[in-house]
2 protein chains.
Amino acid sequence: MGERRKLDGETKARMEARATVMKALAHPSRLFIVDELSRGERCVCELTEMIGADVSTVSKHLALLKKAGVVLDERRGQQVFYRLRVPCILNFFGCVEVVLEEVDRSKLEAVS
Amino acid sequence: MGERRKLDGETKARMEARATVMKALAHPSRLFIVDELSRGERCVCELTEMIGADVSTVSKHLALLKKAGVVLDERRGQQVFYRLRVPCILNFFGCVEVVLEEVDRSKLEAVS
DNA sequence: CCATAAGTTGGCAATATAGCCAAAACCTCT
DNA sequence: AGAGGTTTTGGCTATATTGCCAACTTATGG
């Protein structure tokens with residue numbers, strides 16, 4: 001006994017898989033997209049106008065989210081609509097907000 | 001009415017704050033650290049041995065997690081112990097696993 | 001078929017991350 | 001103070017990410 005856990009191949013592979021999902025969510029525009037899609041499906045043109053970046057940029061963000069399994073796309077006519085694939089993603093942000101509050105709180109304490 | 005939501009300054013700032021936290025979690029080694037810390041506090045040397053990277057590398061990962069508000073550190077003698085600051089972080093991974101299962105499932109469907 | 005609109009893809013330049021080594025900073029013990 | 005163990009920081013290179021433009025694809029409507 002006393003064998004210490006290691007970041008072996010299997011564990012590493014699992015962490016890399018998780019990291020792929022987290023990376024997909026680790027960008028302001030993509031977080032905005034997820035937040036917006038939580039209210040319902042949106043086409044690329046709508047998201048593009050809201051974000052105010054080039055269409056190609058938004059398209060690449062969406063492709064990344066799709067590849068990570070966070071969103072689904074569906075073409076209808078000229079437009080492509082995206083929607084959240086996994087609703088539980090939203091639970092993330094509750095905790096993220098808790099973290100942010102902690103950070104704020106400790107900054108205030110540092111002053112006092 | 002009909003005013004479309006925009007990624008304005010305030011929203012952008014909030015998304016950037018969230019992205020900082022997500023970025024901190026968007027790396028295999030850091031995810032491993034969080035997973036390991038969920039079992040209890042660990043010193044830098046323990047984590048370093050488990051991960052198998054240079055101590056300086058692990059130390060920088062920990063500094064990043066700390067800056068993002070995910071972990072706390074405490075020096076005791078020569079060693080510095082780290083622990084999770086916000087337990088709800090762990091809820092993340094349940095959902096991440098759901099996403100990963102979705103991705104796997106759609107790959108299987110693509111074959112059939 | 002041609003024009004137009006919506007999205008995607010390729011390519012490039014700017015920026016950000018990651019990881020190692022070396023050096024400094026901290027602690028403990030003698 | 002000096003030795004040795006633990007952690008952080010600085011600096012550097014290699015790699016990855018981002019965002020724009022331009023070119024291409026796909027669908028609609030005349």
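Worth knowing before you read on, the calculation uses all heavy atoms, side chains too, and leaves out hydrogens, waters and symmetry mates. Below, chains carry the letters A, B, ... as their sequence lines are ordered, and counting in each starts from 1.
- Both R75(A) and K23(A) sit near DNA chain D, but only K23(A) has its closest nucleotide nearer the 5' end.
- Connection of V71(B) to L64(B) is not established within any shared hydrophobic cluster, with ILVMFWY side chains joined at heavy-atom distances below 4.5 Å, either directly or through further cluster members.
- Atoms CG (L64(B)) and P (dT7(D)) sit 18 Å apart, rounded to a whole Å.
- For E109(A), the CD atom sits in a packed shell: over 12 heavy atoms of surrounding residues, nucleotides or ligands are nearer than 6.0 Å.
- Across dC21(D), dG19(D), dT8(D), the shortest atom-to-atom separation from the side chain of V44(B) is found for dT8(D).
- With salt bridges taken as basic N to acidic carboxylate O contacts below 4.0 Å, one links E41(B) and R76(B).
- S59(B) has a side-chain polar atom (N or O) that falls below the 4.0 Å cut-off from OP1 or OP2 of dT8(D).
- Rounded to an integer number of Å, the gap from R76(B) CZ to dT7(D) P is 12 Å.
- Running 5' to 3' along DNA chain C, contacts with non-hydrogen atoms of chain A at under 4.0 Å begin and end at dA5(C) to dG11(C).
- Within the 4.0 angstrom heavy-atom criterion, only backbone atoms of the sugar-phosphate kind lie near Y82(B); the bases stay farther away.
- Residue K60(B) contributes atom NZ, which lies 8 Å from atom C1' of dG11(D) at whole-angstrom precision.
- For the pair K23(B) and E16(B), the salt-bridge criterion is not met [side-chain N within less than 4.0 Å of a carboxylate O].
- In this structure, the nucleotide among dT7(D), dT28(D), dG4(D) sitting nearest to the side chain of Q78(B) is dG4(D).
- Distance, M15(B) CE to dT18(D) C1': 19 Å, rounded to whole Å.
- Taking atom CD on Q79(B) and atom C1' on dG4(D), their separation rounds to 14 Å, with Å as the unit.
- Test D35(A), L37(A), L84(A) against L90(A) for side-chain contact (heavy atoms from CB on, under 4.5 Å) and you get one pass: L84(A).
- Residue order along DNA chain D, read from the 5' end via each residue's closest nucleotide, puts V58(B) first among S29(A) and V58(B).
- Judged by distance alone, with hydrogens and angles left aside, the side-chain atoms of T48(A) form a donor-acceptor pair with the main-chain N or O of V44(A) at under 3.5 Å.
- The phosphate of dT17(D) (OP1 or OP2) has no side-chain N or O of H61(A) nearer than 4.0 angstrom.
- Going from atom CE of M22(A) over to atom C1' of dA16(D) covers 18 Å, rounded to whole Å.
- Only one option out of K66(B), R42(B), R83(B) pairs with E74(B) in a salt bridge (Lys or Arg N to Asp or Glu O under 4.0 Å); it is R83(B).
- Among the atoms of the strands shown, only primed sugar atoms or phosphate atoms (P, OP1, OP2) are found under 4.0 Å from some heavy atom of A53(A).
- Atom pair I51(A):CD1 and dC20(D):P shows a separation of 11 Å (rounding to whole Å applied).
- We find that CD of E74(A) is positioned 14 Å from P of dA27(D), with the value rounded to whole Å.
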